[in-house]
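Please read the structure below before turning to the comments.
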Amino acid sequence: MHDDAIEPFFATLAAANPSPQTELEFTSVFELLCAVLLSAQATDAGVNKATKRLFALAPTPQRMLDLGLEQVTELIRTIGLFRTKAKNLVQTCRILVEQHGGAVPRSREALEALPGVGRKTANVVLNVAFGEPTMAVDTHIFRVANRTGLAPGKNPLAVELKLLERVPAKYAVDAHHWLILHGRYVCQARRPQCERCAVRRWCDTAASTMPAEG
DNA sequence: ATCCCGAGGG
DNA sequence: CCCTCTGGAT
């Protein structure tokens with residue numbers, strides 16, 4: 001993708017969706033952290049079903065500790081990787097209570113020190129909860145960035161760094177949501193919906209495989 | 001590089 | 001059946 005295409009690319013996504021948001025359901029920063037931790041290799045819809053049950057009984061770190069690992073495991077059983085995630089959730093709650101006064105820390109370093117929280121999860125929390133212009137490169141963003149030529153890279157970190165240097169500052173906070181939603185509903189993994197893609201005129205892949213518009 | 005791991009869609 | 005879903009730890 002040419003440098004000159006980046007501004008209109010994001011302007012088009014912005015016009016179609018002025019205030020993009022996560023589709024994860026939460027009512028506090030703690031719940032956001034839990035939902036994002038659970039969302040690894042899982043759909044938002046699936047996570048929302050589980051967190052509806054989980055947050056009803058454990059809306060705070062202390063309440064989740066009181067609930068215990070067995071109960072937490074049962075409540076999130078419908079999500080993939082549920083055993084690992086349950087352990088990570090409970091242990092994360094323990095650290096929040098013992099080291100952060102029951103609050104979610106605001107630094108990348110403290111977030112990534114939580115079990116089950118890596119760079120991508122920390123980036124989501126920093127962006128959604130604290131408004132920082134981070135690029136949380138998930139499966140969607142990795143695919144869209146490479147396919148379109150917006151920010152090609154062989155691994156998520158390489159894509160993230162290229163996005164940070166290439167996305168205009170005015171779009172930096174919302175960019176990660178635009179790219180996710182675009183990947184989820186239009187630029188899908190299996191069958192990309194190029195026919196109804198608003199930004200195909202700037203896309204490397206669509207340009208090489210589809211006729212020019214006329 | 002490999003493991004974890006259920007739900008939903010094609 | 002197969003692939004995909006806002007990955008992280010080893």
Side-chain angles (χ1 to χ4, degrees), chain A residues 13 17 19-26 29 31-54 69 72-95 104 108-148 150-151 153-161 163-164 167 172-195:
Chain A
L13 294 179
N17 195 349
S19 301
Q21 295 178 356
T22 177
E23 294 182 352
L24 291 172
E25 294 166 2
F26 61 96
V29 177
E31 288 187 358
L32 170 68
L33 172 63
C34 293
V36 178
L37 192 154
L38 292 175
S39 71
Q41 300 293 284
T43 61
D44 281 5
V47 171
N48 289 336
K49 285 184 181 178
T51 55
K52 184 173 183 178
R53 298 189 295 265
L54 179 64
L69 178 58
V72 171
T73 304
E74 278 309 306
L75 289 169
I76 68 168
R77 181 178 286 284
T78 54
I79 309 180
L81 317 179
F82 68 93
R83 291 187 188 87
T84 301
K85 289 174 180 176
K87 291 176 188 171
N88 287 337
L89 262 187
V90 171
Q91 185 57 25
T92 281
C93 287
R94 195 178 310 283
I95 294 174
V104 176
R108 172 186 299 284
E109 183 177 9
L111 285 170
E112 291 189 10
L114 302 170
V117 179
R119 187 177 183 88
K120 180 263 168 182
T121 298
N123 277 334
V124 175
V125 173
L126 290 171
N127 179 287
V128 175
F130 306 126
E132 297 190 20
T134 60
M135 301 292 172
V137 179
D138 66 332
T139 181
H140 293 301
I141 296 187
F142 186 76
R143 180 179 66 251
V144 172
N146 276 294
R147 222 179 235 171
T148 59
L150 169 66
K154 49 222 164 320
N155 56 64
L157 180 58
V159 169
E160 177 185 338
L161 297 179
L163 283 171
L164 287 173
V167 177
V173 173
D174 288 330
H176 121 262
H177 283 153
W178 282 318
L179 295 173
I180 288 227
L181 294 173
H182 187 62
R184 181 176 298 163
Y185 296 112
V186 182
C187 195
Q188 296 159 341
R190 290 219 186 164
R191 189 195 179 294
Q193 312 281 314
C194 299
E195 319 80 44

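Numbers restart at 1 for each chain; the letters A, B, ... are given by sequence-line order, proteins then strands.
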Query raised in the report: Reading DNA chain B 5' to 3', which nucleotide is the first, and which the last, to come under 4.0 Å of any heavy atom in chain A?
Result: B:dC4 to B:dG9

Query raised in the report: What integer number of Å spans the C1' atoms of B:dC5 and C:dC2?
Result: 16 Å

Query raised in the report: Is A:Q193 reaching over with its side chain to a backbone N or O of A:R191, donor-acceptor style, under 3.5 angstrom?
Result: yes

Requested in this report: Would you sort out whether A:L150 and A:L179 count as a side-chain contact (heavy atoms from CB on, under 4.5 Å), showing the intermediate values?
Outcome: CA-CA 10 Å; A:L150 169 66; A:L179 295 173; 4.0 Å; yes

Report summary line: d(A:L33 CG, A:L111 CG) to nearest 0.5 Å is 7.0 Å

Query raised in the report: Could you state the interatomic distance from CD (A:E132) to NE2 (A:H176), rounded to the nearest 0.5 Å?
Result: 12.5 Å

Query raised in the report: Is the side chain of A:T92 donor-acceptor paired with the backbone N or O of A:L89 at a distance under 3.5 Å, no angle test?
Result: no

Query - Audit row: A:R184, A:T43, side-chain contact (heavy atoms from CB on, under 4.5 Å) steps and yes/no - result: CA-CA 10 Å; A:R184 181 176 298 163; A:T43 61; over 6 Å; no

Query raised in the report: Counting only non-hydrogen atoms, which of residues 79-91 of chain A are less than 4.0 Å from DNA chain C?
Result: A:L81

Query raised in the report: Which atoms form the tightest heavy-atom contact between A:K85 and A:L38, and what is the distance?
Result: NZ-O, 2.7 Å

Report task. Determine the contact category for A:E23: base if any of its heavy atoms lies under 4.0 Å from a base atom, sugar-phosphate if only primed atoms, P, OP1 or OP2 are that close, otherwise nothing. Result -> base

Query - Any side-chain heavy-atom pair of A:R108 and A:N123 under 4.5 Å - result: yes

Query raised in the report: Is A:T22 touching bases, backbone alone, or none of the nucleic acid, heavy atoms closer than 4.0 Å?
Result: base

Query raised in the report: Taking the nucleotide of DNA chain C with the closest heavy atom to each, which residue, A:R184 or A:E112, is nearer the 5' end?
Result: A:R184

Query raised in the report: If we take the C1' atom in both B:dC4 and C:dT4, what is their distance in whole Å?
Result: 16 Å

**Report entry** A:P20 versus A:W178, closest heavy-atom pair with distance
**Finding:** CG-NE1, 3.6 Å

Requested in this report: Looking at every strand, decide which applies to A:L114 at a 4.0 Å heavy-atom threshold: base, sugar-phosphate, or nothing.
Outcome: sugar-phosphate

Requested in this report: Taking heavy atoms of chain A and a 4.0 Å limit, find me the 5'-most and 3'-most nucleotide of DNA chain C within that range.
Outcome: C:dC2 to C:dA9

Query raised in the report: Counting any heavy atom closer than 4.0 Å, what does A:A189 reach on the DNA or RNA strands: base, sugar-phosphate only, or nothing?
Result: sugar-phosphate

Report task. Of all the heavy-atom pairs spanning A:A172 and A:P133, show the shortest one and how long it is. Result -> CB-CB, 3.7 Å

Report task. Can you tell me, in whole Å, how much space there is between the P of B:dG10 and that of C:dT6? Result -> 15 Å

**Report entry** Sugar-phosphate, base or nothing in reach of A:G46, heavy atoms under 4.0 Å
**Finding:** nothing

Query raised in the report: Side chains of A:T78 and A:R53: is there a donor and an acceptor less than 3.5 Å apart?
Result: yes

